[in-house]
Amino acid sequence: MTTGSSWWRRIGFGLLGVALLAGVWELYTFLGPAEGVVVGGVTVLPRTTDLAMPHIWVMFERLFEPVTSAAGSPPMWSAVLQASAFTLGVAGVGWLVAVVVGMLLALLMQRFRSAEQAVLPWIILSQTVPLIAIAPLVRRWGSALEIGEFSWENWMSVALIASYLAFFPISIGALRGLESPDTNHVELLHSYAAGWWRTLLRLRLPASVPYLLPALRLAAASAVIGTVVAEVSIGLRGGLGRMVVEFAAAAGGDPGKPWAPIFGAVLVGLLAAGLVSLIGLTLRRFRRAEVPA
């Protein structure tokens with residue numbers, strides 16, 4: 001199968017999945033109980049009222065209406081696109097920082113076995129700390145940072161939090177990839193008097209590509225999630241996180257409005273994954289079969 005047909009097949013399956021999800025949503029809205037499904041006093045499935053689960057066409061119609069009833073208010077889709085672009089930019093900065101930090105940690109752990117034993121547990125434990133807990137701390141520390149004329153902006157705190165969530169899959173995936181070459185291949189390069197750096201460039205980095213690309217895609221999605229959550233925690237305006245909070249207040253009288261920034265977050269996630277896939281095209285000759293992160 002050619003590469004072009006493979007891409008079209010993936011797009012087709014993706015659209016089919018979206019259509020299936022929309023069908024399940026509408027089917028449950030039509031057949032489900034109005035008060036939801038409650039088991040042992042716990043609601044396991046949501047209510048099917050127009051406020052809790054508006055119809056798909058209500059959500060999309062709302063995208064082409066003004067954000068508010070005020071004169072000159074922009075259409076909803078325009079405001080969502082602007083917020084999505086802002087969030088995507090901040091998430092991109094966080095992803096780049098995560099790539100640098102994750103790769104450096106992976107190289108350190110691969111080079112020194114003692115470093116792997118010392119650092120890897122802390123990398124794993126770092127992901128158990130909730131972002132909501134560290135977001136105010138990062139903002140406070142950043143606001144106190146003064147280096148000459150440099151001033152720390154709130155969006156930098158959001159990008160740092162996004163990188164904190166995204167560096168984990170990169171460091172783990174890169175470490176697996178760097179350690180993936182066969183012992184025979186490594187010993188062959190050693191027999192040619194190749195040092196660690198030459199072995200890294202000629203063998204380990206090319207061998208890590210099938211492990212690294214899925215990790216980069218996962219990190220891109222994590223960066224988007226971290227950005228949206230951090231925008232909510234810090235209160236940064238201009239992005240999707242703040243829009244989610246503001247529009248949620250209007251859910252009682254405008255049920256389709258809170259879903260607009262959610263669609264924007266989905267779009268940002270797809271764009272982030274697509275941009276990483278473009279990187280994979282440049283490394284096609286090293287990919288072979290990708291290994292899940």
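Hydrogens, waters and symmetry mates play no part in the numbers below; they use all other heavy atoms, side chains included. Because the structure is a prediction, the values reported are computed rather than measured.
Taking the side chain as every heavy atom from C-beta outward, Arg237 and Asn154 never approach each other to under 4.5 Å.
In this structure Trp196 satisfies the ring-ring contact (aromatic ring centres under 6.0 Å, His included) test with no other residue, sequence neighbours excluded. Applying the ring-ring contact (aromatic ring centres under 6.0 Å, His included) test to Trp259 and every residue at least two apart in sequence or in another chain returns Trp25. Legend: residues meeting side-chain hydrogen bond (donor to acceptor under 3.5 Å, both in side chains) with Arg62, ordered by chain and number and at least two apart, are Asp254. By the ring-ring contact (aromatic ring centres under 6.0 Å, His included) test, Trp141 is found to be paired with no residue, residues two or more places apart in sequence or in another chain being considered. In terms of the ring-ring contact (aromatic ring centres under 6.0 Å, His included) criterion, residue partners of Phe263 (sequence neighbours excluded) are, by chain and number, Phe60. Listed by chain and number, the residues in a salt bridge (Lys or Arg N to Asp or Glu O under 4.0 Å) with Arg198 amount to none (sequence neighbours excluded). A search for side-chain hydrogen bond (donor to acceptor under 3.5 Å, both in side chains) contacts involving Ser157 returns Trp152, not counting sequence neighbours. With sequence neighbours excluded, no residue forms a side-chain hydrogen bond (donor to acceptor under 3.5 Å, both in side chains) with Arg111. Every residue two or more places apart in sequence or in another chain that forms a side-chain hydrogen bond (donor to acceptor under 3.5 Å, both in side chains) with Glu26 is listed here: His55.
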When the side chains of residues 92-101 are checked against the rest of the protein, which donor-acceptor pairs come out under 3.5 Å, sequence neighbours left out?
unit_1	atom_1	unit_2	atom_2	d
Trp95	NE1	Leu216	O	3.3

Distance-only criterion, 3.5 Å: show the donor-acceptor pairs between side-chain atoms of residues 77-84 and protein atoms not counting sequence neighbours.
unit_1	atom_1	unit_2	atom_2	d
Ser84	OG	Val80	O	2.7

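Residue pairs meeting the side-chain hydrogen bond (donor to acceptor under 3.5 Å, both in side chains) criterion with at least one partner in residues 114-129, sequence neighbours excluded, are Arg113-Glu116.
Taken from NE2 in His185 to CG in Asp182, the straight-line distance is 5.0 Å, to the nearest 0.5 Å.
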